[in-house]
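Atoms considered below: every heavy atom in the structure, side chains included; atoms not considered: hydrogens, waters and symmetry mates. In what follows, chains carry the letters A, B, and so on, assigned in the order in which the sequence lines appear, proteins first and then strands, with residues in each chain numbered from 1.
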Amino acid sequence: MSDNYQSFEYDVLVIGAGGAGLRAAIEASAAGCKTGLVCKSLLGKAHTVMAEGGIAAALATVDSRDSWQQHFVDSMIGGNLGNHWRMAQIHAQQSPDRVRELEKWGAVFDRTNDGKGNINVRHFGGHTYKRLAHVGDRTGLELIRTLQDKGVHSGIEVHMECTIYSLMKDGDRIAGAYGYFRETGRPVLFKAKSIVISTGGIGKLYFINSNSWECAGDGFGLSYLAGAELADMEYIQFHPTGMVWPPSVRGLLITEGVRGEGGVLKNNQGERFMFKYIPAKYQGKYAETEAEADAWFKKVVIDGVKEETVKERKPPELMSRDVVARALWNEIKEGRGTEHGGVYLDIASHRSAEDIKKKLPSMYHQFKQLADVDITKVPMETGPTCHYMMGGVKVDPETQMSNVPGLFAAGECAAGMHGSNRLGGNSLSDLVVFGKLAGEHAAIYAKKLRDFPKIDESKLAGLNKEMNQPFENQGGEVSYKILADLQHIMEKGAGMFREEPTMDQCLKDLEGLKERVKKVTAEGNRMFNPGWHVALDLRNMLAVGEAIVRAAKERKESRGGHTRTDFTGYSKDFAKKRVVVRQKGDKMEVVREDLPQIPKELEAELINAHMLKPEVLKQLRGEA
Amino acid sequence: MGKVHMRVYRGNSEGGQLKDYNVQAEEGMVVLDVIHKIQATQSSDLACRWNCKAGKCGSCSAEINGKPRLMCMTRMNEFKEDEIITVMPMKTFPIMKDLATDVSFNYEINKRIPPFTPVEGADWHWEQEDVDRVQEFRKCIECFLCQDTCHVLRDHDKMAKFAGPRFFVRIASLEMHPIDALDRTALLKNEHGIGLCNITKCCTEVCPESIHITDNAIIPLKERVVDKYYDPLRILWNKVFGK
Ligand SMILES: Cc1cc2nc3c(=O)[nH]c(=O)nc-3n(C[C@H](O)[C@H](O)[C@H](O)COP(=O)(O)OP(=O)(O)OC[C@H]3O[C@@H](n4cnc5c(N)ncnc54)[C@H](O)[C@@H]3O)c2cc1C
Ligand code: SF4
Ligand code: SF4
Ligand code: FES
């Protein structure tokens with residue numbers, strides 16, 4: 001294959017066209033920058049399209065008590081204080097405006113039925129009040145289509161089905177990106193003054209996951225290899241409710257909305273077990289008996305009584321995901337699981353068939369079509385599935401810039417907002433809040449540069465040779481085989497539960513994979529060749545896998561999405577630290593840094609307003 | 001479970017042929033799983049698109065035993081045990097490679113539809129029933145199966161004159177939005193050629209989102225065109241008042 005590459009020039013290049021990338025591109029373009037947008041799939045198909053339950057914002061349209069302060073506190077407690085407080089604050093303060101803005105751009109959210117015709121919001125785990133604006137259970141589709149339509153009319157140039165293989169630098173700063181068009185295999189160079197990385201998550205590193213094929217950790221790998229620091233890589237969210245049967249759909253998400261609409265979790269004894277698992281941080285906030293939970297549900301969800309007037313507390317099924325996932329795992333481990341190794345999620349006994357079909361249409365169809373299960377009649381089987389990466393590129397909260405000048409990150413691939421555990425609905429809002437900020441500041445940065453940074457084009461031939469290597473290799477394995485092994489290795493070594501010896505083994509296994517990847521073989525040619533595409537993805541995946549394991553080894557405590565069987569509970573040595581991973585020579589270096597803490601005045605204010613409890617703070621800081 | 005017999009189109013813009021594959025089936029498989037299994041074990045360069053594997057992204061469209069369908073939502077147990085299952089790319093669009101087609105036509109059309117434009121000083125409060133219909137149209141996952149099946153587009157020569165059912169749905173979602181200010185009737189009549197649709201309803205039949213494309217989108221839009229251009233009173237009114 002020739003080295004003959006196509007070349008484009010942009011003030012701002014956005015890599016990734018999910019919610020974060022689209023929002024960033026719209027902002028950069030509005031600021032007058034020539035903006036390019038690159039994505040691996042067709043436009044509108046990014047992983048964001050799968051988001052179901054909603055977008056979190058303290059709109060206070062249903063419960064007037066809601067406020068940014070409460071949303072901030074919920075996100076910090078949900079994240080077990082592992083969040084960068086300033087990102088959580090910006091997110092809570094700006095998400096209502098971003099949601100209203102989507103409506104101005106044509107999004108059509110579900111409405112309240114109180115005669116006021118406001119945007120309706122629903123309950124989701126860990127949120128004190130109803131807070132998720134939604135469109136049935138297809139909120140991600142609404143978000144992406146709205147941004148897509150706004151984007152294509154704002155003069156953004158879109159390059160679809162194009163994969164970035166390497167970031168290019170001029171000295172320390174960013175200078176561009178190099179990759180290939182998936183259809184033709186032809187190389188392409190994008191020269192850029194600044195770059196926004198918004199490439200989404202890492203789900204495909206795990207065998208059981210809820211993600212699209214695109215979520216292969218590209219952005220983490222690309223940024224890391226370009227010298228950017230990654231933070232919080234040990235924090236991975238395993239969603240409690242993935243499908244477990246049949247095998248072909250294992251991991252596919254069952255929206256948390258099922259629990260929001262009344263679904264309850266039961267073990268094989270018929271016991272509603274979540275009452276046993278209320279952790280200290282949520283004590284007093286959730287119902288303690290089935291009768292209380294059912295009374296709350298009937299009043300608040302069915303009869304639409306204002307929650308502030310109801311004395312019962314909400315069901316413990318609505319606690320944050322890390323808590324529910326661990327509870328579920330424990331039930332299964334102790335032998336109270338279902339036939340296919342899950343637990344039961346039962347909505348049929350709490351809602352009418354008509355309601356279920358209306359409120360959760362795509363869940364109804366998903367089960368009917370893929371599992372021959374009618375969820376209006378029988379319970380679903382469900383188990384944990386790898387869902388979301390809280391960690392990522394370490395960015396400045398105000399600008400979203402990484403430590404590499406000109407390299408910005410937003411969305412799932414950026415770290416800090418969610419701490420050790422993300423609340424449902426906080427991702428879609430994260431995308432639009434920080435997507436906008438990243439676009440804005442990438443534009444400011446680009447405008448300050450008079451000339452384009454220089455790219456050493458002599459390096460490109462080498463990169464192209466590297467990309468072509470799988471065709472040159474003889475007798476190696478096909479990429480799919482190595483990918484499957486990687487997924488199993490990660491699941492075993494750095495899955496929901498972790499301990500030192502298995503993580504050490506995992507690192508060794510990853511080393512072994514590196515050797516196999518060097519010899520990976522692709523058949524055919526560069527024309528639209530998925531086996532070759534996966535072969536090239538493996539390099540990033542290995543770097544990301546290693547970062548996850550090394551960070552997880554470093555954090556010797558359990559917090560949110562990082563659970564260690566050899567270090568249970570919160571530790572005060574780690575409570576105020578974040579683990580950062582970076583490249584040093586050709587080695588991976590792991591360091592512990594101070595995690596910025598909520599300013600004292602703000603903390604006192606929130607305690608006075610009864611939003612934060614000093615004893616909860618103490619407990620999460622490992623001081624109790 | 002036994003083996004399944006698949007016949008998959010392999011080729012590119014210069015030509016190609018059907019190729020036979022025997023694949024070990026597993027419980028619950030959909031057609032897309034079988035395609036993935038072929039990639040993993042027999043032909044790693046077999047091209048196809050997919051993302052969500054849950055009927056949400058509209059990437060995996062193909063013609064399965066002649067019917068336009070999503071591969072990820074077509075269960076293998078729908079077929080008889082010894083049935084040969086043929087998978088072809090969408091016929092309406094030029095082929096790129098194997099099951100992947102060039103659907104850029106659709107993105108071009110979309111660009112030419114004037115976007116949502118709210119009336120000035122709009123009241124952003126409205127009731128659910130005011131947007132139920134718009135929300136039905138916004139369920140569209142852009143699988144382009146309706147475009148694939150519509151005979152007006154399938155005969156290719158009219159592609160330049162006809163936007164296709166997907167985009168009538170899109171325009172309907174804008175036209176019926178409670179506070180959209182634009183009128184896209186002229187566009188529908190001229191550039192997008194809605195008159196060429198003879199309401200065969202084939203598009204509605206293949207829509208995986210069960211959008212009532214013809215009844216709820218196309219027919220009301222056609223009525224708007226008729227009202228504006230063919231209703232004698234309306235024409236007189238337009239002449240007199242100049243709109
Ligand atoms: C089933 C499911 C349901 C969910 N429901 C909700 C919900 O209800 N509420 C909520 O808040 N969150 C939800 N989430 C999480 C949320 O959807 C994701 O975290 C979010 O959409 C990520 O968006 P993003 O813009 O960061 O990236 P993505 O949407 O993943 O987009 C990544 C983009 O980057 C591109 N890309 C990647 N690598 C490269 C490369 N090398 N070169 C070029 N382009 C590249 C991809 O092509 C894609 O366009 C859900 C997740 C799942 C899996
Ligand atoms: S109803 Fe109209 S748009 Fe639909 S398939 Fe028939 S001719 Fe095409
Ligand atoms: S209207 Fe239906 S068939 Fe047509 S593109 Fe949309 S979802 Fe697909
Ligand atoms: S893969 Fe998304 S619709 Fe089939």
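Both the backbone and the side chain of B:Pro115 have a heavy atom closer than 4.5 Å to some heavy atom of chain A. The contact between B:Asp33 and chain A is made entirely by side chain atoms (from C-beta outward), counting heavy-atom distances below 4.5 Å. Heavy atoms closer than 4.5 Å to chain B are found nowhere in A:Asn120, neither backbone nor side chain. No part of B:Leu174 comes within reach of chain A, as not one of its non-hydrogen atoms sits under 4.5 angstrom from that chain. Using a 4.5 Å cut-off between heavy atoms, B:Leu46 touches chain A through its backbone atoms (N, CA, C, O) alone. If you measure heavy-atom distances from B:Lys53 to chain A, the contacts under 4.5 Å come from both the backbone and the side chain. Contact of B:Asp123 with chain A is not made at all, since no heavy-atom distance falls under 4.5 Å. Of the two parts of B:Ala100, only the side chain, counted from C-beta on, holds a non-hydrogen atom closer than 4.5 Å to a non-hydrogen atom of chain A. Heavy atoms of A:Leu42 lying under 4.5 Å from chain B belong to its backbone as well as its side chain. In this structure, chain A has a heavy atom under 4.5 Å from the side chain of B:Arg75, while its backbone stays farther away. Only the backbone of A:Trp105 comes within contact range of chain B, with at least one heavy atom under 4.5 Å from a heavy atom of that chain.
Looking only at distances, a side-chain donor or acceptor of A:His153 sits under 3.5 Å from a matching main-chain atom of B:Ile113. At least one donor-acceptor pair under 3.5 Å links the side chain of B:Gln135 to the backbone N or O of A:Val108.
Smallest separation of non-hydrogen atoms from A:Gly524 and B:Asp45: CA-OD2, 3.7 Å. Across all their heavy atoms, A:Ser41 and B:Asn51 have their closest contact at OG-ND2, 3.1 Å. Across all their heavy atoms, B:Ala47 and A:Phe528 have their closest contact at CB-O, 3.3 Å.
Rounding to the nearest 0.5 Å gives a distance of 7.5 Å between NZ of B:Lys56 and CG of A:Leu253. Remark: B:Ser44 OG to A:Glu523 CD distance equals 3.5 Å, nearest 0.5 Å. Between B:Met96 atom CE and A:Glu183 atom CD the span is 3.5 Å, to the nearest 0.5 Å.
In the model, A:Asp149 has a side-chain atom that pairs as donor or acceptor with a side-chain atom of B:Asn110 under 3.5 Å.
Ion pairing between B:Asp130 and A:Arg111 fails under the 4.0 Å rule for side-chain N and carboxylate O.
B:His125 pairs by the ring pair (Phe, Tyr, Trp, His ring centres under 6.0 Å) definition with nothing, not counting sequence neighbours.
Residue A:Phe367 places its CZ atom among more than 12 non-hydrogen atoms of other residues, nucleotides or ligands, all under 6.0 Å distant.
Two residues are said to be in side-chain contact when any heavy atoms from C-beta on lie closer than 4.5 Å; A:Met160 and B:Tyr107 meet this criterion. In this structure, B:Glu27 and A:Trp245 have side chains that are in contact, with non-hydrogen atoms separated by less than 4.5 Å. Two residues are said to be in side-chain contact when any heavy atoms from C-beta on lie closer than 4.5 Å; B:Arg138 and A:Thr146 meet this criterion.
Ranked by heavy-atom pairs under 4.5 Å with chain A, the list B:Met29, B:Arg170, B:His177 is led by B:Arg170. In terms of heavy-atom pairs under 4.5 angstrom with chain B, the leader among A:Ser212, A:Ala522, A:Pro247 is A:Ser212.
Cation-pi check for A:Lys45 over B:Phe144 is met; the charged atom lies under 6.0 angstrom from the ring centroid and within 45 degrees of its normal.
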